[in-house]
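A short worksheet on the structure shown next.
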Protein chains: 2
Amino acid sequence: MLGEFEYLLITAAAGLADKAYGAAIREEIETTTGRKCSIGALYTTIDRLETKGLLKTWMGDATPQRGGRSKRMVRVTPKGVQAAKAFYDAVIRVSRGASWAANRTGSVS
Amino acid sequence: MLGEFEYLLITAAAGLADKAYGAAIREEIETTTGRKCSIGALYTTIDRLETKGLLKTWMGDATPQRGGRSKRMVRVTPKGVQAAKAFYDAVIRVSRGASWAANRTGSVS
DNA sequence: ATGATTAGATTTACATTGTGATACTAATGG
DNA sequence: CCATTAGTATCACAATGTAAATCTAATCAT
């Protein structure tokens, strides 16, 4: 099963689509969660997810800005999407009936 | 932030209410998730959550059955409920827009 | 009453995941 | 040609997740 931060990372990367690369993903995570995302957390997790085949990464070209360095681009693989879905479904299913979860019927309006 | 298994455990315990004790929680987790819950995972996590103040436990009396041993009863503290809610909300918020998440508006039917 | 059986809890050791701190790399601007 | 800067890489450690084996005491059958 995915860890919680792994899920966050995959979700952020998926949302950024072809604009997904290390620093941008970090930015995204920080804005959507409101909490700090350390550099270490980011790249070690990217590495691990790539090893597991849930992400694919490659070096893109540099930002044409002062200091712009070659970016590590990220793409979520089908297997990654599947794992994310499994995580999400598990949380929803388990939470059914919990007082803190919106009392959903399972059907969507 | 809570880990994923910690969330599972709190949710199961909350659902069982005053019938929540080690073995029952384990049973609950296995049926709602469909995956094995090892003994070690269970009690070490209970210990950790208690240390963090998210659970309170005490020894109850034995089941009046052959081998019935004193049960370790579990109650989720207000702080525990709060942590679970935070975890749940974080997952929902972050997943907004993800292809694998049901496209919910935030309102509930 | 005594040993086998059994529900349940505990412990230990290790694997996986999460995180801060620090260092590296190369392009740009002056 | 060096200071600055966007971005990546690495390291060491903390927190979480898990399997396997063991302990405990109440009941049952004899």
Side-chain angles (χ1 to χ4, degrees), chain A residues 1-10 12-13 16 19-30 33 35-55 57-74 83-84 87 90 94, chain B residues 1-10 12-13 16 19-30 33 35-55 57-74 83-84 87 90 94:
Chain A
M1 175 76 72
L2 284 183
E4 181 254 341
F5 184 71
E6 294 179 318
Y7 178 73
L8 232 75
L9 202 159
I10 290 183
L16 288 168
K19 290 179 190 60
Y21 66 97
I25 292 174
R26 184 180 179 210
E27 187 68 26
E28 177 76 4
I29 289 178
E30 297 198 338
T33 66
R35 66 185 222 231
K36 269 286 172 201
C37 167
S38 78
I39 300 287
L42 186 72
Y43 290 104
T44 49
T45 303
I46 287 180
D47 286 346
R48 288 168 187 162
L49 289 175
E50 184 163 28
T51 299
K52 291 201 260 177
L54 307 187
L55 291 183
T57 75
W58 67 96
M59 297 312 284
D61 33 38
T63 325
Q65 282 174 38
R66 180 187 247 217
R69 185 180 170 184
S70 185
K71 297 167 176 170
R72 181 159 176 192
M73 308 304 293
V74 173
F87 180 93
V94 164
Chain B
M1 176 77 72
L2 285 182
E4 180 254 341
F5 185 70
E6 293 178 319
Y7 178 73
L8 233 74
L9 202 160
I10 290 183
L16 289 167
K19 291 180 189 61
Y21 66 97
I25 292 174
R26 183 179 179 213
E27 186 69 25
E28 178 75 4
I29 289 178
E30 297 198 339
T33 66
R35 64 185 223 230
K36 268 286 171 201
C37 168
S38 79
I39 301 286
L42 186 73
Y43 291 103
T44 50
T45 302
I46 286 180
D47 287 346
R48 287 168 188 163
L49 289 176
E50 184 163 29
T51 300
K52 290 200 262 178
L54 307 186
L55 291 183
T57 76
W58 66 96
M59 296 313 284
D61 32 40
T63 324
Q65 282 175 38
R66 177 186 251 214
R69 186 180 171 181
S70 186
K71 295 166 177 172
R72 181 157 176 194
M73 307 304 293
V74 173
F87 180 93
V94 165

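Chain letters run A, B, ... following the sequence lines, proteins first, then strands; residues in each count from 1.
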C:dG20 OP1/OP2 closer than 4.0 Å to side-chain N/O of A:S38: yes

5' priority, DNA chain C, between B:M1 and B:M59 [closest heavy atom]: B:M59

Rounded distance in Å - CG (B:L2) to C1' (C:dT17): 15 Å

B:F5 CZ to D:dA19 C1', straight-line distance once rounded to whole Å: 13 Å

Heavy-atom check, side chain of B:E30 versus side chain of B:R35, under 4.5 Å: no

Atom pair distance, as rounded to whole Å: CD1 in A:I29 and P in C:dT17: 16 Å

Candidates B:V74, B:I10, B:T57 - the one meeting side-chain contact (heavy atoms from CB on, under 4.5 Å) with B:L49: B:I10

Residues within residues 40-48 of chain B bordering DNA chain D, heavy-atom distance below 4.0 Å: B:G40, B:A41, B:T44, B:R48

Length of the line joining A:Y7:OH and D:dG17:C1', which is rounded to integer Å: 20 Å

For the student: nearest non-hydrogen atoms of B:F87 and A:E4, plus distance: CE1-CG, 3.7 Å

Length of the CD1-P vector between B:I39 and C:dA7, whole Å: 12 Å

Any B:K71 side-chain nitrogen or oxygen under 4.0 Å from OP1 or OP2 of C:dT10: no

Single hit among B:L16, B:L8, B:T45 for side-chain contact (heavy atoms from CB on, under 4.5 Å) with B:I25: B:L16

